[in-house]
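Here is the naming used below: chain letters follow the sequence lines, and residue numbers restart at 1 for every chain.
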Amino acid sequence: ELKVEQNPLFLSMQEGKNYTIYCNYSTTSDRLYWYRQDPGKSLESLFVLLSNGAVKQEGRLMASLDTKARLSTLHITAAVHDLSATYFCAVEITGTASKLTFGTGTRLQVTL
Amino acid sequence: DGGITQSPKYLFRKEGQNVTLSCEQNLNHDAMYWYRQDPGQGLRLIYYSQIVNDFQKGDIAEGYSVSREKKESFPLTVTSAQKNPTAFYLCASRGDGRNRVGFGQGTRLTVV
């Protein structure tokens, strides 16, 4: 059974600081996704990582994938209050049943 | 995500009642998914469908049923057998492109 673990589960950080969220998964994966969720809202797609060594950046967020270590990271640079949200990673294993298995989420709170 | 419409946004269910949540997409995606999210939790897969007239159980299918008679529609019925249905339900579809798995805006179901 595929397990996806995120840490930390909760992160409080000051504006301007850097931090990294980690996503570990238990079996070989083809794709890894990062999503953002604001309170009471649906999920917004941030990144799709398709291969080992993939790195994608948008604004203050950068995601990377190491398939050998079964690890993805979401790095936050110079955090701003608007980044406060819950961030989920999700692992997809393709084949006859392509579906996403989600981590438990990391609630990020950026304080002024 | 644009192109995936869930309705209603809020739904109230009485004990012993079946209710149906709607999910429609105009993205011409083959695969569609239903997830459940409980407060402070990640997403758990209920049912998914890779093609019209075919669907599979996810991790928590008990008490739910689905149909896939048309490519663009994947309704979810929450039956009276689901003992704890209060949750946020999210529909997703999968296609090619950057945002490979996008989500609808969700339906919040409450038992009254």
Fill in the blank from the handout: Whatever's closer than 4.5 Å to a heavy atom in chain A on B:R108 counts as side chain
Practice task
Treat each ILVMFWY residue as a node, draw an edge where side-chain heavy atoms are under 4.5 Å apart, and state whether B:Y48 and A:F88 are in one component.
Solution key: yes
Practice task
Enter the distance from A:F102:CZ to B:Y35:OH here, rounded to the nearest 0.5 Å.
Solution key: 5.0 Å
Practice task
Please check if A:L74 and A:L108 belong to a single hydrophobic cluster, counting links between Ile, Leu, Val, Met, Phe, Trp and Tyr side chain heavy atoms closer than 4.5 Å.
Solution key: yes
Exercise for the section: Determine whether more than 12 heavy atoms belonging to other residues, nucleotides or ligands lie under 6.0 Å from atom CG of A:L50. Expected result: yes
Completion exercise
When the 4.5 angstrom heavy-atom criterion is applied to B:L90 and chain A, the contacting part is side chain
Practice task
Verify the cluster assignment for A:L43 and B:Y89: are they in a single hydrophobic cluster under the rule of side-chain heavy atoms below 4.5 Å apart?
Solution key: no
Problem - Side chain, backbone, both or neither of A:Q37 within contact of chain B (heavy atoms, under 4.5 Å) - result: side chain
Handout entry: More than 12 heavy atoms of other groups within 6.0 Å of A:E15 CD
Key = yes
Exercise for the section: Measure the spacing between OG1 of A:T101 and CZ of B:R44 and express it to the nearest 0.5 Å. Expected result: 13.0 Å
Problem - Between CD on residue A:E92 and CZ on residue B:R94, distance to nearest 0.5 Å - result: 4.0 Å
Exercise for the section: Below 4.5 Å from any heavy atom of chain B, which atoms of A:L100 appear? Answer side chain, backbone, both or neither. Expected result: both
Exercise for the section: State whether the side chain of A:S45 and the backbone N or O of B:G102 hold a donor-acceptor pair below 3.5 Å, judged by distance alone. Expected result: no
Practice task
Can you see which heavy atom on A:Y35 is nearest to which on B:V101, and at what distance?
Solution key: OH-O, 2.6 Å
Practice task
Please round to the nearest 0.5 Å and tell me the distance separating atom CZ of B:F88 and atom NZ of A:K41.
Solution key: 9.0 Å
Handout entry: Neighbour count above 12 (heavy atom, 6.0 Å) for A:R107 CZ
Key = no
Problem - Shared hydrophobic cluster, A:M62 / A:L46 (ILVMFWY, side-chain heavy atoms < 4.5 Å) - result: no
